[in-house]
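To keep things clear, I will list the structure first and then write my remarks on it.
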Amino acid sequence: MADLPFHDRGDFEDADRGFIAKLSPAVIRTVDGRVVWDNDSYDFLQEDCPGTAHPSLWRQGQLCSKQGLYEVTDGVYQVRGLDLSNMTLIEGERGVVVVDPLISTECAAAALKLYRAHRGERPVTGVIYTHAHADHFGGVRGVTGGGVPILAPAGFMRHAVAENFYAGPAMARRAVYMYGRALPRSPQGQIGAGLGMTVSTGTMSLIPPTDEIARTGQEETVDGVRMLFQLTPGAEAPAEMNVLLPARRALCLAENATHNQHSLLPLRGAAVRDVRAWARYLTEAIALFAGRADVAFASHHWPTWGAERVERFLSRQRDMYAYLHDQTLRLLNKGLTAPEIAEVVQLPPDLEQAWHTHGYSGSLVHNVKAVYQRYLGWFDGNPAHLWEHPPRESAIRYVECLGGGAAVVAFARRYIDENDLRFAAQLLNHAVFADEGNKEARDLLAEVYTRLGHGAENATWRNCYLSGALELADGTVPATLDTASPDFFAALTVEQIFDSIAIRVDGPRAWHERLSIDWHLEDLGERYRTTLSNGAFIQQPAPRDGAADLTLRLTKAQLVGLLTGKGVEGVRREGDTTVLQRLVAVLDRPVPDFAIVTA
Ligand SMILES: [Zn+2]
């Protein structure tokens with residue numbers, strides 16, 4: 001830690017550069033008064049770093065918690081610190097083009113208002129979504145009702161909903177840990193999320209793009225603003241793009257290069273991102289844009305000014321991602337397993353000394369494991385790991401072998417005294433999984449998690465550890481599922497709607513059920529047949545004519561209504577109408593507050 005480059009204050013200068021005004025107070029509410037964003041709750045970060053935080057993460061919290069309107073360059077502005085992400089505003093001939101309108105409509109509206117207070121009542125004349133993650137489009141109805149050009153990378157709509165759709169409830173529950181949603185914001189609690197302080201909790205929306213960017217090198221002009229695009233699909237997001245504003249000599253890097261080592265596999269769970277492709281896109285970005293931009297900005301964190309500094313920043317980000325990919329592959333081909341590789345890979349000194357390679361949302365340790373997972377999966381090849389007991393069953397046996405719960409706690413204390421908190425956590429986790437009533441083990445495990453959290457440089461690690469400690473003490477915190485947005489349902493494809501039914505079928509309950517339904521989606525002019533057999537709900541588009549048990553004629557909106565429990569009113573039915581009830585009878589529900597730190 002003594003080696004951290006605290007003398008390098010460049011990020012603070014960049015984060016303050018172009019400052020125009022703050023939102024004061026920085027508290028944003030829904031119309032009925034519920035607080036969805038409160039940046040003032042992070043004011044304590046202006047103090048010196050206490051013993052309850054890693055100095056590097058504290059520093060990142062100081063930088064990320066700066067909020068307000070900033071000038072990036074002539075005609076380009078950013079509102080930062082009013083959500084997890086940044087909103088960028090590019091002034092055109094008639095109004096202003098908004099890039100990435102935050103997560104919540106309330107935050108986006110507040111950001112636009114702050115901008116207008118200082119730059120005049122310019123109409124929003126266009127929107128750019130840099131990528132298909134909700135922190136870059138969810139607030140769009142806070143800045144426009146539509147009727148303007150909305151540009152997004154190819155495949156945007158499919159991925160905007162799909163990426164977090166199937167495993168959404170589990171991700172939402174685990175996001176409580178990753179973002180530390182239930183933690184107090186304090187020097188002992190939540191001090192950020194790496195990419196920003198946290199996620200806002202307002203109203204989410206989605207307006208489909210009017211134009212999709214289909215290729216790298218494509219140029220478009222919106223409200224007189226010329227833009228040159230580079231597509232970067234399949235790296236940080238399945239649909240993403242960088243944008244050069246040639247006339248402004250400004251480069252928007254979306255989320256492909258930010259001031260931290262990004263996550264290849266967020267702790268809430270996700271499909272592993274392709275870091276090899278990521279590094280290649282950054283190489284391509286340097287080839288396309290270096291020397292053509294005097295400033296580079298992204299939809300998180302602060303900009304980097306100066307053509308040379310931009311190129312150095314991009315090169316180091318690129319080297320970092322390439323290095324962690326290549327070194328993981330080199331070592332796994334020598335037989336090292338994921339935890340073994342994670343223990344030995346270190347960044348080269350030149351990268352280590354650049355703050356923006358530090359892991360605040362990603363980390364070397366979990367990114368290396370993600371690369372291993374992408375290529376080799378969960379199994380490390382060792383037969384001992386092929387058919388292990390599940391966690392609780394293993395825990396019961398370990399505790400028995402170690403001489404009971406009290407003995408495990410005594411062993412754990414020894415490792416705590418030796419400052420081996422990692423092993424103490426493993427031991428105590430066994431004690432708690434074997435016997436949730438072992439209060440001594442629970443309390444001690446909460447203490448160990450707290451110390452691990454306070455020592456973590458990575459914000460999402462800290463949040464996970466501290467959330468685990470909190471739940472050991474207070475019980476589970478249910479996830480808030482923000483999927484009720486009508487825009488999101490409208491964005492679902494029919495295929496996704498049927499998939500969402502299929503993944504809710506309780507297999508054993510449906511083993512002996514057989515039924516078939518024809519769905520005539522009259523507004524789309526599409527027909528589907530779904531069948532249920534052997535607990536598998538199968539969909540088939542454009543079925544041949546033939547007798548299904550039930551035929552339904554309906555609109556897509558009515559299909560969504562069926563799914564969300566609005567019933568069958570207005571849906572024309574032919575055939576055996578009990579079929580729908582039989583289908584509903586075998587559907588299961590996700591559990592929003594499943595246990596994580598207990599069995
Ligand atoms: Zn983002």
Side-chain angles (χ1 to χ4, degrees), residues 36-37 39 60 63-65 67 78-88 98-105 107-108 111 127-140 142-143 152-153 155-156 159-164 168 171-172 174-175 178-181 192-202 204-206 232-243 251-271 273-275 278 281-282 296-303 317 321 356 359-363 367 458-460 463 482:
V36 301
W37 184 258
N39 209 70
Q60 185 78 351
L63 287 160
C64 289
S65 62
Q67 60 90 3
Q78 279 193 319
V79 176
R80 302 200 286 266
L82 295 190
D83 207 323
L84 183 73
S85 40
N86 300 333
M87 186 160 108
T88 304
V98 172
V99 182
D100 287 359
L102 309 180
I103 296 175
S104 304
T105 57
C107 294
V127 174
I128 313 284
Y129 301 139
T130 62
H131 60 295
H133 287 161
D135 53 326
H136 303 272
F137 64 77
V140 65
V143 299
F156 174 88
H159 295 298
V161 188
E163 201 184 357
N164 298 343
M171 288 176 175
R174 288 172 51 165
M178 176 176 156
Y179 291 108
R181 284 229 184 124
L195 288 168
M197 297 316 292
T198 188
V199 288
S200 68
T201 53
M204 289 171 77
S205 61
L206 173 58
T232 64
E236 197 271 327
E240 186 154 359
M241 59 187 187
N242 294 329
V243 192
L251 173 61
C252 170
L253 291 165
E255 203 162 323
N256 290 307
T258 53
H259 288 276
N260 80 148
Q261 184 182 132
H262 210 302
S263 204
L264 305 183
L265 181 51
L267 298 188
R268 64 164 157 73
R273 295 163 182 173
D274 183 354
V275 73
W278 199 326
Y281 290 135
L282 289 174
F297 61 89
S299 291
H300 294 274
H301 303 139
W302 48 95
Q317 283 274 304
Y321 290 127
H356 63 84
Y360 302 110
S361 61
S363 74
N367 280 343
N458 183 288
T460 66
N463 292 336
D482 287 328

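Whatever order the structure lists ligands and atoms in, that order sets their numbers, starting from 1. Since we're looking at a predicted model, the values are computed, not measured. Only heavy atoms go into these numbers, but all of them, side chains included; no hydrogens, no water, no symmetry mates.
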Do we see a donor-acceptor contact under 3.5 Å between the side chains of Ser200 and Asp83?
yes

For the ring pair His262 and His356, is the centre-to-centre distance below 6.0 Å?
no

Can you tell me how far NE2 of His259 sits from NE2 of His300, rounded to the nearest 0.5 angstrom?
12.5 Å

Assess, by modelled atom type and distance only, whether the side chains of Glu240 and Thr232 contain a donor and an acceptor separated by less than 3.5 Å.
no

Provide the protein N, O or S atoms situated under 2.8 Å from the Zn ion (ligand 1); waters are not included.
Asp135 OD2, His136 NE2, Glu255 OE1, His300 NE2

Does the side chain of Thr258 come under 3.5 Å of the side chain of Asn260 through a donor N or O and an acceptor N or O?
yes

Between Tyr321 and Leu282, is any pair of side-chain heavy atoms under 4.5 Å apart?
yes

